[in-house]
Amino acid sequence: MESLKGMRAIITGAAQGMGKGIALYLASRGVDVAICDLKKETLEQTADEIRMKTGQKVIARALDITRESDVKGFVKEVLTSFGALDILVNNAGIHPLKPIEEIEGDEWDRVFAVNVKASFYFCKAVLPAMREKKFGRIINISSEAGKNGGTVAALHYAASKGAVLAFVRNLAQQVGADGITVNAIAPGRISTAMSGAVSPEENQKFIDNSITKSLGTPEDIAYAVSYLASREASFVTAETMMVNGGTLRD
Ligand SMILES: NC(=O)c1ccc[n+]([C@@H]2O[C@H](COP(=O)([O-])OP(=O)(O)OC[C@H]3O[C@@H](n4cnc5c(N)ncnc54)[C@H](O)[C@@H]3O)[C@@H](O)[C@H]2O)c1
């Protein structure tokens with residue numbers, strides 16, 4: 001596969017977990033990365049780790065991706081510093097695990113704001129620069145729950161991840177002629193803080209049901225991102241790539 005070297009990426013929710021794994025792997029392939037997260041201290045530690053391990057440029061900003069003005073300011077800063085942007089990974093997400101009876105309207109709105117609306121803010125902010133360059137790779141992290149409703153997922157979470165799939169299929173059509181692809185990745189259960197909130201018994205059920213007899217790792221998702229971000233993936237768009245150890249097959 002052609003090198004990703006020289007590309008520039010934004011990855012949201014990259015202080016820890018999958019976002020960190022994606023940022024670290026892209027940087028190890030020669031990509032300058034701009035990362036953001038709510039967790040300032042962890043984010044800065046992650047940024048230092050990426051700089052130390054890869055030598056790439058890293059911009060790290062603590063911000064809430066549901067605030068459009070902060071997203072616009074961040075994208076502007078990244079474009080000024082990097083000169084251009086090739087890759088956007090909308091990764092940040094939240095998953096308050098609870099049954100419908102315990103979900104209040106405010107929490108429903110917050111889940112959709114983080115998991116869906118913030119991606120709209122980021123896409124809107126990066127598209128002018130990508131259109132100008134006639135190149136762009138937008139990758140949104142959905143979930144197996146967005147396809148099948150999930151096994152342990154909360155209602156608002158599953159619904160928001162389903163919305164991500166329609167989001168990429170729609171946006172892909174609006175930007176494809178400008179050399180920009182828009183895809184989703186639907187991970188199965190991945191070892192991060194988020195899956196750590198699920199009971200060990202439920203995680204074991206996932207493992208038993210998988211073909212690989214394992215949970216996934218952030219690196220498994222990072223490898224999928226790096227393919228979708230590559231020039232070779234120019235004919236892959238409006239697609240949902242499942243990375244799930246074979247738990248959900250369709
Ligand atoms: N872990 C899994 O099993 C799994 C499975 C399928 C999909 N996913 C999805 O993968 C993505 C990454 O999840 P993860 O497992 O690494 O979770 P995680 O909780 O470890 O990391 C998510 C990160 O997003 C950040 N974040 C949350 N809200 C934010 C906001 N408003 N502004 C900025 N940053 C914010 C958090 O601070 C955190 O660092 C999420 O979209 C999640 O829904 C996870």
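We're numbering straight along the sequence, starting at 1. Source: prediction; values computed, not measured. The figures here come from the full heavy-atom set of this structure, side chains too, leaving out hydrogens, waters and symmetry mates. All ligand and atom numbering here is 1-based and tracks the order in the structure.
- Ligand 1 lies within reach of Lys161, whose nearest heavy atom is under 4.0 Å from it.
- In terms of polar-atom proximity, Ile190 is counted as a contact of ligand 1, with an N or O under 3.5 Å from an N or O of the ligand.
- One option in Val198, Asn203, Ile141 has a heavy atom closer to atom 9 (C) of ligand 1 than any other, and that option is Ile141.
- Side-chain atoms of Gln16 and Met194, non-hydrogen and from C-beta on, never get closer than 4.5 Å to each other.
- Within ligand 1, the atoms closer than 4.0 Å to a non-hydrogen atom of Gly13 are 23 (C), 24 (O), 25 (C), numbered from 1 in the order shown.
- Inter-residue side-chain proximity for Leu26 and Ile11 is flagged as met; some heavy-atom pair is nearer than 4.5 Å.
- Exactly one residue among Leu88, Asn170, Ile139, Leu171 makes a side-chain contact (heavy atoms from CB on, under 4.5 Å) with Val182. That residue is Leu171.
- Annotation: the span from Asn91 atom CG to Ile35 atom CD1 amounts to 11.0 Å, rounded to 0.5 Å.
- In terms of protein heavy-atom proximity, atom 27 (C) of ligand 1 is nearest to Ile94 CG2, 3.7 Å.
- Looking only at heavy atoms of the protein, atom 43 (O) of ligand 1 is closest to Tyr157 OH, 2.6 Å.
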Exercise. Are Thr66 and Arg110 close enough, and set up right, to give a side chain to side chain donor-acceptor pair (under 3.5 Å), and what steps lead you there?
Worked result: CA-CA 9 Å; Thr66 66; Arg110 180 74 186 161; 3.1 Å; yes

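- For atom 37 (O) of ligand 1, the nearest non-hydrogen atom of the protein is Asp37 OD1, 2.6 Å.
- Counting heavy atoms from C-beta outward, Tyr227 and Val236 have side chains that approach closer than 4.5 Å.
- Between Ile65 and ligand 1, at least one N/O pair is under 3.5 Å apart.
- His95 and Tyr157 have parallel rings, their planes meeting at less than 30° on a 0 to 90° scale where 60° marks the start of perpendicular.
- Using a 3.5 Å distance cut-off with no hydrogens or angles, the side chains of Asn183 and Glu239 do not pair a donor with an acceptor.
- Using a 4.0 Å cut-off between a side-chain N of Lys or Arg and a carboxylate O of Asp or Glu, Glu49 and Lys20 qualify as a salt bridge.
- In the vicinity of Gly188, heavy-atom distances shorter than 4.0 Å reach the ligand 1 atoms 3 (O), 5 (C), 6 (C).
- Using a 4.0 angstrom heavy-atom cutoff, Gln16 counts as in contact with ligand 1.
- Every heavy atom of Ala186 sits 4.0 Å or more from the atoms of ligand 1.
- By the 6.0 Å contact criterion, NZ on Lys133 is enclosed, its count of non-hydrogen atoms from other residues, nucleotides or ligands being greater than 12.
- Proximity of Arg110 to ligand 1 is established by a heavy-atom distance of less than 4.0 Å.
- Looking only at protein heavy atoms, the nearest one to atom 22 (C) of ligand 1 is Gly93 O, 3.9 Å.
- We find the CZ-CE distance between Arg137 and Met130 to be 9.5 Å, quoted to the nearest 0.5 Å.
- In terms of protein heavy-atom proximity, atom 12 (C) of ligand 1 is nearest to Asn91 OD1, 3.2 Å.
- By heavy-atom distance, the residue among Leu38, Leu215, Asn244, Thr66 lying nearest atom 30 (C) of ligand 1 is Leu38.
- Of the protein's non-hydrogen atoms, the one nearest atom 7 (C) of ligand 1 is Ser142 O, 3.2 Å.
- From the protein, the heavy atom lying nearest to atom 16 (O) of ligand 1 is Met18 N, 2.9 Å.
- Among all non-hydrogen protein atoms, the one lying nearest atom 15 (O) of ligand 1 is Thr192 OG1, 2.5 Å.
- Judged purely by atom type and a 3.5 angstrom limit, Ser81 has no side-chain atom pairing as donor or acceptor with the backbone of Val78.
- The shortest heavy-atom distance from Ser191 to ligand 1 is not under 4.0 Å.
- Taking every non-hydrogen atom of Leu63 and a distance limit under 4.0 Å, the qualifying atoms of ligand 1 come out as 32 (N), 33 (C).
- Of all atoms in ligand 1, numbered sequentially from 1 with element shown, those under 4.0 Å from a heavy atom of Val114 are 28 (N), 31 (N).
- Among the candidates Ile10, Ile141, Ile138, Val116, the single residue satisfying the side-chain contact (heavy atoms from CB on, under 4.5 Å) test with Asn90 is Ile138.
- Close N/O approach between Asp64 and ligand 1 is found [any backbone or side-chain N/O within under 3.5 Å].
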